[in-house]
Structures are given as structure tokens and as C-alpha cells.
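So the structure is just underneath, and the comments pick up after that.
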Amino acid sequence: MKIGIFGAGHMGSAMIKGWIRSGEIAPPDIFVQGGKRGTAQSLQQDLHFTLSNNMTDFKNTDIIFLAVGTPVILPILTDLYTELAGKVIPIISVSAGVSVKAMQEITGDTYPIAQAIPNTPVQINEGMTGIVYPDNLSEEHKNLMTTSLELLGELVEITEDKIGIFGTLAGCGPAFVDVFMESLADGAVLNGMDRDMAYHVAAKMVSSSANLLLKSKKHPGELKDGVTSPGGTTIKGITALEKEGFRYATINAIDTIMKS
Ligand SMILES: NC(=O)c1ccc[n+]([C@@H]2O[C@H](COP(=O)([O-])OP(=O)(O)OC[C@H]3O[C@@H](n4cnc5c(N)ncnc54)[C@H](OP(=O)(O)O)[C@@H]3O)[C@@H](O)[C@H]2O)c1
């Protein structure tokens, strides 16, 4: 599969790294066009993808991604659609801010163009990506969309009205967990643990707890109950967290983003 992508910033580079890491896409089969700051050029030195400075290269790809800032999506799509000159190549935008309908105002409402929200763990093929498929999508084009994104981790279909909350939970969530892991490690360092060991233990504990939740399919409260013995240390720690409004702070973080 030949993949074209506009934008090699935080999200574009994470996706490129994931495709290369998957072993299924050869670096030269990824055609990348970057912006004025030269981010794509710098990354190319390490990743050896094909750097493109024209739209024509994209006519030879099987699928094209738009991983640029929201204000640039529609201008690039307009130029790209003109360059494709009737050739139909599926396109996926990863911007939360531009709907399928807005993009189809440029391409027409039968063009295979989707909106997807990946998150940064795509770079290690453990992403959680939501996708809004357009109506009237052929099986062939849907397969290209799903195959290219499933190389980066799990893919779920979502409806357009859920794209905001999906992006907040899956896209912003990694930063919340990063702050949580850093804080856990700070608490451990405060109590004498070596810094590197503290980060490693915190990260492994978070990832294994998440895996237990996914694999056991138990309610998180049930898993918590299994760690909290009566009068024990864990329930004392949870009480300290709740005294500081841990649950409210977390719920409010999601809600604040949704209301912003
Ligand atoms: N970051 C996330 O976790 C995340 C999650 C889900 C979705 N997204 C979406 O992904 C998109 C990109 O976000 P980001 O965080 O990766 O932003 P970013 O780090 O600022 O990257 C945007 C990239 O677009 C490039 N660019 C600008 N104009 C261009 C053009 N005309 N042609 C080609 N490339 C161009 C820039 O290149 P130069 O640096 O060379 O100028 C820059 O590297 C946004 O729409 C965002 O909503 C991001």
C-alpha cells in the first residue's frame, strides 16, 4: 500500500512512525508533504520516507491522509482534489474540526472521504482511533481506510456527533495519564525511590491495570474493590485522593474541554 500524508507534526509523525514500525509499509511508500517550518524535512533524515513537494506524487498513492492544522485542511483538500482531476483516491482527515460534510462540499457527496481521530500511541501501533465513514462508501475504499488505520492500533467506527467527546477522551487523555504517572513517580521519589525506577514502575502499573480492565471485562469499581482490604492502606490512599476531589477533577477536565 502506498500512503500519502500532508503534515508531519505531532500527529502526522506519530502515524508515519506507526506505519513504518508495523513492518507492513516500506518507508519509501509513504509520501509526505510538510509545511514551511521544515518539520517533514528534519523527520525524513531519520525515517527515510519519500519527501514530496508537489501534489502530483499523491496521484500514485492508494490512500491520502490530511494531518495538518484545522484551518489548512480545506485549502489543501481543494488543491489536492483539483490535482487528482477525477482520479478517486480515498482521503482521511484527522482534524476534529472539519466534518465529512464540509469536505464533501469540495469533493462532492459521493467521494470517499472520512474523518478520523487517532491518538499519539499510534506511533507504537497501540493507538485508539475513531472514524466517521461517509455514506455511499464502497467496500474497496472502506477496506483501504480500515487497513491503513488498523496498522496503527484499534479502530472504532463513531458517529459524527460523538467525534468531539471521542477526541477529548482518546486524544487529550494520554496527556492526563502522563500527568498522573509523573505525579505518582514524584510521590515515590518523595519517599526515596530512584527517579528512573519510579517512572518505570508507574508506567508499567498503569498499562497493566488498563490491560487487566480490558482483558477481565470487569467494572473498574470491582477491580478497585479487589485491591482495597478493610482498614487497609489502599483505601486510605483512595480516601486521600477523594479528599482532594480526584474524581471531580478528572470529570471536570473532560467537561471543561467539551465546553471550551
Ligand atoms: N496531536 C494530537 O494528539 C492530535 C490528535 C488527534 C487529531 N489531531 C489533529 O491532527 C492535526 C495536526 O495536529 P498536530 O498536533 O500534528 O499539529 P502540528 O504538530 O502543528 O503539525 C501540523 C503540521 O502541518 C504542517 N503543515 C502546515 N501547513 C502545511 C501545508 N500547507 N502542507 C503540508 N503540511 C503543512 C506543519 O509543517 P511545518 O511544521 O513544517 O510547518 C506541521 O508540522 C490537527 O488537525 C489536529 O486536530 C491531533
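Numbering of ligands and ligand atoms starts at 1, following listing order.
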Are the side chain of [X] and the backbone of [Y] linked by a donor-acceptor contact shorter than 3.5 Å?
X      : Y      : result
Thr39  : Gly35  : no
Asn119 : Gly127 : no
Glu24  : Trp19  : no
Lys59  : Lys87  : no
Glu154 : Met128 : no
Thr50  : Pro28  : yes
Gln104 : Ile113 : no

Closest protein heavy atom to [atom], given as residue, atom name and distance to 0.1 Å:
atom                    : answer
atom 6 (C) of ligand 1  : Pro118 O, 3.2 Å
atom 46 (C) of ligand 1 : Val94 O, 4.3 Å
atom 15 (O) of ligand 1 : His10 CB, 3.6 Å
atom 29 (C) of ligand 1 : Gly35 CA, 3.8 Å
atom 20 (O) of ligand 1 : Arg37 NH2, 3.9 Å
atom 13 (O) of ligand 1 : Met11 CB, 4.4 Å
atom 23 (C) of ligand 1 : Gly9 N, 3.9 Å
atom 45 (O) of ligand 1 : Val68 O, 2.7 Å

- Task: Would you mind telling me which of Phe31, Phe65, Phe6 makes a ring-ring contact (aromatic ring centres under 6.0 Å, His included) with Phe58?
- Result: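 When ring-ring contact (aromatic ring centres under 6.0 Å, His included) is applied between Phe58 and each of Phe31, Phe65, Phe6, only Phe6 qualifies.
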
- Task: Determine whether the side chain, the backbone, both or neither of Ile76 has a heavy atom under 4.0 Å from any heavy atom of ligand 1.
- Result: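 The side chain, only.
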
- Task: Of the side chain and backbone of Ser13, name the one, both, or neither that has a heavy atom under 4.0 Å from an atom of ligand 1.
- Result: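 The answer is neither; Ser13 stays 4.0 Å or more away.
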
Near [X], which atoms of ligand 1 are under 4.0 Å from a heavy atom of that residue?
X     : value
Ser95 : 45 (O), 47 (O)
Gly34 : 32 (N), 33 (C), 34 (N), 35 (C)
Gln33 : 33 (C), 34 (N)
Gly38 : 40 (O)
Thr70 : 45 (O)

- Message: Any donor-acceptor pair under 3.5 Å linking the side-chain atoms of Thr70 with those of Ser95?
- Response: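 A donor-acceptor contact under 3.5 Å links the two side chains.
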
- Would you call Gly167 a ligand 1 contact, heavy-atom distance under 4.0 Å?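 Per 4.0 Å heavy-atom rule, Gly167 does not contact ligand 1.
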
- Ser148 and Leu144: CA distance, side-chain angles, deciding distance, side-chain contact (heavy atoms from CB on, under 4.5 Å) verdict: CA-CA 6 Å; Ser148 56; Leu144 279 163; 5.8 Å; no

- Nearest non-hydrogen atom to atom 40 (O) of ligand 1 belongs to which of Thr39, Val98, Ile117?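 Residue with the shortest heavy-atom distance to the ligand atom: Thr39.
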
- Item | Partner of Met15 under side-chain contact (heavy atoms from CB on, under 4.5 Å), chosen from Thr120, Leu149, Ile3 |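 Going through Thr120, Leu149, Ile3 one by one, the side-chain contact (heavy atoms from CB on, under 4.5 Å) with Met15 is satisfied by Leu149 alone.
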
